[in-house]
**Student:** 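Provided herewith is a single structure, encoded as structure tokens, for subsequent inquiry.
We name chains A, B, ... by the order of the sequence lines, and we start the count at 1 in each one.
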Amino acid sequence: MTDNQEVRVRFAPSPTGPLHIGGVRTALYNYLFARQHNGKFLLRIEDTDQTRFVPGAQDYIIESLRWCSILPDEGVSVGGDYGPYVQSERKEIYVQYAQQLLDNDRAYYAFDTAEELEAERERLHTEKGETFQYDAAHRNGMKNSLSMSPKEVTEWLGSGRPYVIRFKMPENVELTIFDMIRGEVKVNTSTLDDKVLFKSDGMPTYHLANIVDDHLMKITHVIRGEEWLPSMPLHVMLYKAFGWEDTMPQFAHLPLLLKPDGNGKLSKRDGDRLGFPVFPLRWPMDLTKEEIASGYRENGYYPEAFINMLALLGWNSGTEKEIFSMDELVEAFSMERVSKSGAKFNPEKAQWFNHEYLIARSDEQIAKESVPFLHGKENLYEPAILVKICGLVKDRLHFVKDIWEQVNFFFEAPVDYEEKAVKKRWKEETPSQMAELCAVLEKLEDFSTEMCEATVKEWVTVKEYNPGNIFNVIRLCLVGASKGPGVFDIMSILGKGEVLSRITAATGKISIVA
RNA sequence: GGCCCGUUGGUCAAGUGGCCUAAGACUCCGGCCUCUCACGCCGGCAACAGCGGUUCGAAUCCGCUACGGGUCACCA
């Protein structure tokens, strides 16, 4: 490609199930790269294998990308000038190109059945201990248009016998190919085999469809997972065979996302076994199946946090900045700073990212988001008070959905009291002290945080009580545990009546227990 | 097994021949703050896979070994 050409990249998943986070990251890097270069990001569906097609998977992919704000400029669901963007709708196109390769002697027909291939594999293994490869060294011993007479080939083709079209991989060519992340990679074509380009069911394989589509859609950069690195030589050879070398895209093979436990690449099956989601969204989305894999969205992640976390798995800016908005990512991203080695990810760090995004939100926003998790009790307070409550507890939250355990005491009086705290704080004189306190608070007109604090502190000072112990006893009465915001904030929000009633209730209950 | 890619603390990672007695973040552990928990602040534990070479000098360059991973389908 030339420098002044518009950058065009694509994300090309197969609709074989839910997209896992590795796929989302690949889409993200493609998107960032496109945005950064004022280029186009396309979404293409590679569904050439009908046997693995999973209904709903395509919608899942689109919905996942939408949730992440990784929006295609072109492609399935948005259209564009280079469609259709679903490979099964492009069948006739691939036929032409396969024919071109056949005509130029760069491909050939092969009639070997699965059984025959298996038999040959078995024979070679037992007789010579070799691994069978359909290549220059073996193709003459197989049933194909290279080993058979033209007449026979014509007959077999005419008889409706099933056949595939294989790429005729040149022998002994030293290839030096370039990867944007890994640099030069050298391979000898003799180690490569004659890959099937066209299947007997009339569909192309990934390799053919991918190269033809990338060429036709004017893709300039192929950014994909490292699992494709071994087929890069084949793809380069295909570009050469078609005579498209001049417009061949640049390749970038991204490091894999590894299982957090043990080794190996993260797979769809890992699911909830790991204790955190490996999918952006719950799967299946429609909940009609029994097996449900959880998603980041349903687990309470903000899409911005999810994206931020993913972006930093395999790339970093080289600075100490870790929190990036999408716009900042677009600005800072660079292929040169993508790491070469696979990354296991750290569930705790993922939560930390969400926490950072959560505390950056306004108290008003948190209050709004909290409503579904307040068990219908949100109307117990004025909206402004609810906002205040959220502001007081947001520091200790990873997810808004977990807010109830931080605020429950604002809505419900404690039914029991943390044993450890009772043991430590509840003294013989406590009940009478609390009775005194109630009398003092009773007279208080202004129940603001400040007035509560001033009043209680004055009383404690005059009586020469231990402030720490008194405050904690009050907390125990109001909350039932040693947690939560400042005790005077809690008093003020609960209000005089509730505070008095809770202290009275606690005094009764705890003395009975003790 | 063949081919290919990789290897800095538990994890993500900075580092592109001297500034490295190797940054930062997450986790963990201490301490401070403090009415509790959390936040915040301060501090701590903890790494250049090994061996050879190149060089005045190597985490950085080269080679070998080891280990890890990917891939070897009419799946993508």
**Student:** Do the side chain of A:Arg475 and the base of B:C35 come within less than 3.5 angstrom through a donor-acceptor pair of N or O atoms?
**Tutor:**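 Such a pair exists between side chain and base.
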**Student:** Could you give the CZ-to-P distance, from A:Arg337 to B:U16, as a whole number of Å?
**Tutor:** 10 Å
**Student:** Is A:Ser339 close enough to B:A13 that one of its side-chain N or O atoms is under 4.0 Å from OP1 or OP2 there?
**Tutor:**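 Checking B:A13 against A:Ser339, a side-chain N or O does come within under 4.0 Å of OP1 or OP2.
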**Student:** What orientation do A:Phe132 and A:Tyr134 show, parallel under 30°, tilted 30 to 60°, or perpendicular over 60°?
**Tutor:**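 If you compare the ring of A:Phe132 with that of A:Tyr134, the planes turn out perpendicular.
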**Student:** Given the P atoms of B:G31 and B:G50, what is the spacing between them in whole Å?
**Tutor:** 36 Å
**Student:** Using atom NE2 of A:His235 as one end and atom P of B:A76 as the other, report the distance to the nearest whole Å.
**Tutor:**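 Rounded to whole Å, this separation is 10 Å.
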**Student:** With sequence neighbours left out, write down each residue that passes side chain to side chain donor-acceptor pair (under 3.5 Å) with A:Glu412, or none if nothing qualifies.
**Tutor:**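 By the side chain to side chain donor-acceptor pair (under 3.5 Å) rule, A:Glu412 matches A:Lys377.
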**Student:** So if I take every side-chain heavy atom of A:Val164 and compare against B:C74, B:A25, B:A76, which nucleotide ends up nearest?
**Tutor:** B:C74
**Student:** Please report the distance separating the P of B:U7 from the corresponding atom of B:C48, rounded so that it comes out in whole Å.
**Tutor:**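 The answer is 15 Å between these two P atoms.
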**Student:** Rounded to whole angstrom units, what separation is found between the NZ atom of A:Lys344 and the P atom of B:U27?
**Tutor:**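 So the two atoms are 19 Å apart, to the nearest Å.
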**Student:** Expressed as a whole number of Å, how far does the C1' atom of B:C39 sit from that of B:C33?
**Tutor:**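 Roughly 11 Å separates the two C1' atoms.
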**Student:** Measure from the side-chain N and O atoms of A:Arg90 to the backbone N and O of A:Pro84, and report whether any donor-acceptor pair falls under 3.5 Å.
**Tutor:** yes
**Student:** Side chain of A:Lys340, heavy atoms from C-beta onward: which of B:A23, B:G6, B:C26 has the nearest atom to it?
**Tutor:**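 Closest nucleotide among those given: B:G6.
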**Student:** Counting the atoms with a prime plus P, OP1 and OP2 as sugar-phosphate, which does A:Gly314 contact under 4.0 Å by heavy atoms, base, sugar-phosphate, or nothing?
**Tutor:** sugar-phosphate
**Student:** Using a heavy-atom cut-off of under 4.0 Å over every strand shown, decide if A:Thr16 touches base, sugar-phosphate, or nothing.
**Tutor:**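 No contact.
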**Student:** Among A:Phe11, A:Trp315, A:Phe333, which residue meets the ring-ring contact (aromatic ring centres under 6.0 Å, His included) test with A:Tyr29?
**Tutor:**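 Passing option: A:Phe333.
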**Student:** Do A:Thr191 and B:C3 share a donor-acceptor pair, side chain to base, under 3.5 Å?
**Tutor:**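 Under the 3.5 Å cut-off, the side chain and the base do not form any donor-acceptor pair.
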**Student:** For the C1' atoms, the ones on B:G6 and on B:A59, what distance do you get once it is rounded to whole angstrom?
**Tutor:** 16 Å
**Student:** Protein within reach of the bases, or only the backbone? For nucleotides 63-73 of chain B, mark each nucleotide 5' to 3' as B, S or -, using heavy atoms under 4.0 Å.
**Tutor:** -----SSSS--
**Student:** Hey, does A:Pro485 reach any base, or is it just sugar-phosphate, or nothing, if we go heavy atoms under 4.0 Å?
**Tutor:** base
**Student:** Taking any strand in view, what nucleotide pairs with B:C75 in a Watson-Crick or G-U wobble way, both distances under 3.5 Å?
**Tutor:**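 Looking at the geometry, B:C75 pairs with no nucleotide.
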**Student:** Tell me yes or no: between the side chains of A:Glu369 and A:Tyr302, is some donor less than 3.5 Å from an acceptor?
**Tutor:**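 A pair is found: one side chain offers a donor N or O, the other an acceptor, under 3.5 Å apart.
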**Student:** If I take atom CH2 in residue A:Trp352 and atom C1' in nucleotide B:C28, what distance separates them, rounded to the nearest angstrom?
**Tutor:**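 From A:Trp352 CH2 to B:C28 C1': 17 Å.
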**Student:** According to the interplanar angle, ranging from 0 to 90°, do the rings of A:His235 and A:Tyr206 count as parallel (below 30°), tilted (30 to 60°) or perpendicular (above 60°)?
**Tutor:** tilted
**Student:** Name the pairing partner of B:C64, where a pair is Watson-Crick or G-U wobble with both distances under 3.5 Å, or state none.
**Tutor:** B:G50
**Student:** A:Ser341 near the nucleic acid: base, sugar-phosphate alone, or nothing, with a heavy-atom cut-off under 4.0 Å?
**Tutor:** sugar-phosphate
**Student:** Rounded to whole Å, please give me the gap between CG in A:Leu19 and C1' in B:A76.
**Tutor:** 13 Å
**Student:** Which nucleotide, B:C5, B:A76, B:G6, lies nearest any side-chain atom of A:Val185?
**Tutor:** B:C5
**Student:** Is the positively charged end of A:Lys91 above the ring of A:Tyr94, judged by distance under 6.0 angstrom from the centroid and angle within 45° of the axis?
**Tutor:** no
**Student:** Sticking with atom C1', work out how far B:A58 lies from B:G15, rounded to a whole angstrom.
**Tutor:** 13 Å
**Student:** Using the C1' atoms only, state how far B:A23 lies from B:U65, rounded to an integer number of Å.
**Tutor:**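 One C1' to the other, the span is 31 Å.
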**Student:** What interatomic distance, in whole Å, is found between C1' of B:G24 and the corresponding atom of B:U8?
**Tutor:**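 Comparing C1' positions in B:U8 and B:G24 gives a spacing of 14 Å.
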**Student:** With sugar-phosphate meaning primed atoms plus P, OP1 and OP2, does A:Arg182 contact a base, only sugar-phosphate, or nothing at under 4.0 Å between heavy atoms?
**Tutor:** sugar-phosphate
**Student:** What is the distance, to the nearest angstrom, from the CD atom on A:Glu336 to the C1' atom on B:U16?
**Tutor:**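 From A:Glu336 CD to B:U16 C1': 13 Å.
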**Student:** Taking ring pair (Phe, Tyr, Trp, His ring centres under 6.0 Å) as the test, write out the residues that go with A:Phe198, two or more places apart.
**Tutor:** none
**Student:** Quick check: on RNA chain B, is the nucleotide nearest A:Lys349 upstream (toward 5') of the one nearest A:Lys186, or the reverse? Name the residue that is more 5'.
**Tutor:** A:Lys186
**Student:** Please give the distance between the P atoms of B:C61 and B:C5 as a whole number of Å.
**Tutor:** 15 Å
**Student:** Can you tell me if NZ on A:Lys427 sees more than 12 non-hydrogen neighbours from other groups inside 6.0 Å?
**Tutor:**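 Yes - once you tally the heavy atoms of other residues, nucleotides and ligands closer than 6.0 Å, there are more than 12.
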**Student:** Provide, to the nearest angstrom, the distance between the CD atom belonging to A:Glu120 and the P atom belonging to B:C74.
**Tutor:**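 Those two atoms, CD and P, are 14 Å apart.
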**Student:** Considering just the side-chain nitrogens and oxygens of A:Thr48, establish if one lies under 4.0 Å of OP1 or OP2 belonging to B:A76.
**Tutor:**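 So the side-chain polar atoms of A:Thr48 do come within 4.0 Å of the phosphate oxygens OP1 or OP2 of B:A76, strictly under.
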**Student:** For A:Val187, report the nucleic acid contact type (base, sugar-phosphate, nothing); a contact means any heavy atom under 4.0 Å.
**Tutor:** sugar-phosphate
**Student:** Considering every strand shown, what is the Watson-Crick or G-U wobble mate of B:C19 when both distances are under 3.5 Å?
**Tutor:**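 Partner of B:C19: none.
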**Student:** Would you tell me if any nitrogen or oxygen in the side chain of A:Asn346 comes within less than 4.0 Å of OP1 or OP2 on B:U27?
**Tutor:**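 No, outside the criterion.
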**Student:** Counting any heavy atom closer than 4.0 Å, what does A:Asp112 reach on the DNA or RNA strands: base, sugar-phosphate only, or nothing?
**Tutor:** base
**Student:** Give the rounded distance in Å between these two atoms: NZ of A:Lys259 and C1' of B:U11.
**Tutor:**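 For the pair A:Lys259 NZ and B:U11 C1', the rounded distance is 17 Å.
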**Student:** Anything under 30° is parallel, anything over 60° is perpendicular, the rest tilted; go ahead and classify A:Phe111 against A:Trp156.
**Tutor:** perpendicular
